[in-house]
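The chains referred to below are lettered A, B, ... by the order of the sequence lines, with proteins before strands, and numbering in each begins at 1. Hydrogens, waters and symmetry mates are skipped; everything else that's a heavy atom, side chains included, is used.
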There are 2 protein chains.
Amino acid sequence: MAARGRPRGFDRETALARAMEVFWERGFDNASLGELTHAMGINSPSLYAAFGSKEALFQEAMAFYVKTAGSGIWEPVDSLATARDAIAHVLDATARAFTCRDPSRGCMIVLASPQPRGSNPSISRELERHRRGNRDYLETRLRRAVDEGELPEGTNCHAIATFYATVQHGMSIQARDGASREELLGVADCAMSAWDSLTRPD
Amino acid sequence: MAARGRPRGFDRETALARAMEVFWERGFDNASLGELTHAMGINSPSLYAAFGSKEALFQEAMAFYVKTAGSGIWEPVDSLATARDAIAHVLDATARAFTCRDPSRGCMIVLASPQPRGSNPSISRELERHRRGNRDYLETRLRRAVDEGELPEGTNCHAIATFYATVQHGMSIQARDGASREELLGVADCAMSAWDSLTRPD
DNA sequence: TCATTTATGTATTGATCAATACAAAAATAA
DNA sequence: TTATTTTTGTATTGATCAATACATAAATGA
């Protein structure tokens, strides 16, 4: 199946990666088409031909972000032996991922469009859906730990998952405010120091 | 000193309070002048005559927010007897304040302009400065507790203050994502359950 | 009364934005 | 070669935005 017509003059995935960087640094609204096309090295008709719209481009950039920056954080959650190891890993990897650019950027999922009734509610809802998914993922991992006997019956998995998700979200703001990697790792340590009392039987 | 000229036809502070609500719900960029003037019940020339510019209006709205919504959270920090009580109060009051509107809004200082290199960097910097001030305020309170003997010498006040500030920031995202007051109070409880191990002598 | 001062309502300005129209370019298929 | 298909670059569109021009209204001071 050879391509008909004139071949595309740029690499789609490279352009997508550059768009992701712009959205990550500037958020959805503040990333103008001029900035995006400049970073991607193309003109706007090429952008629209390849991606459809600014919103569709963002959706793809978000998926790309999850696949690249996010996978190192969340993928090991199921494979690590204990829920404690899993959550400690999430916080540790978060501290590293949120400070992997200079200046630090925090999490694109948390910061790219924080106004649910802003200019593009569907994007805010999609990001919210994703954050909720991460929280639920932690809760599911905790429930499994209860089933496996790592944690006692009666453990409040919902509250613990919500707590650690909250810490993870807060680290995005700290990163944007210039917190160093060491400070964020310190936050992760502090959060993990609650583990024993959170999972102690009543 | 009677006022010359035609008297202002609206109450300046009432209008400011309404502007604050709009900025709080929509953020700086997404709050259009049309929305602002509609909520304030005035036309744009009156807005500019009374407040100067959209940015100046936001600065005043931010100060108003700190004075009203924020004071109940931060004011008791110095007067409460112990650092533990102070921090527990901050988290508890935060959970309540962030869910005092329906739908929940979280914190205007955290959410109104989260892109440091967005459309208005000076506003982002001002908000960041304020967040940093809150964090420093917690650290100062912890150092006082060390001086007074509540906490042992060698307590890592910087790390503990950063941790609790991070939790507080994360609660804004949770509130925006629809977390209930009870869930946020649960987050506050989880965070406080780390207290003993965080403040235990080495 | 009349000049001065300040506020208000209507209408508009220039800038910026996302998205597109259009014709030329570059490939394949017949 | 010629017709067809798709991409590219230039230029533009209509919408929306923050901010303002201007004439009128409503107060005080002389």
*Going by atom types alone, do A:Gln168 and A:Thr94 pair a side-chain donor with an acceptor below 3.5 Å?*
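Yes, a side-chain donor-acceptor pair sits under 3.5 Å.
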*Regarding A:Ser113 and A:Ser124, is there a side-chain donor-to-acceptor distance under 3.5 Å anywhere?*
yes
*asked:* Once you measure the plane-to-plane angle for A:Phe58 and A:Phe28, does it fall in the parallel (<30°), tilted (30-60°) or perpendicular (>60°) bin?
replied: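 Perpendicular, since the angle between the ring planes exceeds 60°.
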_salt_bridge(A:Glu150, A:Arg84) N-O dist < 4.0 Å_ = no
*asked:* Assess whether a salt bridge exists between A:Glu126 and A:Arg129, defined as any Lys/Arg side-chain N lying under 4.0 Å from an Asp/Glu carboxylate O.
replied: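 Result for this pair is yes, salt bridge flagged.
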*Just jot down the side-chain contact (heavy atoms from CB on, under 4.5 Å) partners of A:Glu13, sequence neighbours excluded, or say none.*
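With sequence neighbours excluded, A:Glu13 shows a side-chain contact (heavy atoms from CB on, under 4.5 Å) to A:Asp11, A:Phe64, A:Lys67, given in chain and number order.
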_side-chain contact (heavy atoms from CB on, under 4.5 Å) involving B:Ser46 - partner list, sequence neighbours excluded_ = B:Phe10, B:Ile42
*What string of B, S and - do you get for nucleotides 3-9 of chain C 5' to 3' if you count protein non-hydrogen atoms under 4.0 Å?*
-BBBBSB
*Considering only heavy atoms from C-beta outward, does the side chain of A:Asn30 approach that of A:Glu35 to under 4.5 Å?*
no
*B:Lys54 to B:Phe23 six-membered ring, cation-pi geometry met (6.0 Å, 45°)*: no
Every protein N/O lying under 3.5 Å from an N/O of nucleotides 12-15 of chain D:
none

*Taking salt bridge (charged side-chain N to carboxylate O under 4.0 Å, His left out) as the test, write out the residues that go with A:Arg6, two or more places apart.*
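Testing A:Arg6 for salt bridge (charged side-chain N to carboxylate O under 4.0 Å, His left out), a comparison that skips the adjacent residues, returns none.
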Can you pull every protein N or O that's under 3.5 Å from an N or O on nucleotides 16-18 of chain C?
{"from": "C:dA18", "atom 1": "OP1", "to": "A:Ala31", "atom 2": "O", "distance (Å)": "3.4"}
{"from": "C:dA18", "atom 1": "OP1", "to": "A:Lys54", "atom 2": "NZ", "distance (Å)": "2.7"}
{"from": "C:dA18", "atom 1": "OP2", "to": "A:Leu33", "atom 2": "N", "distance (Å)": "2.6"}

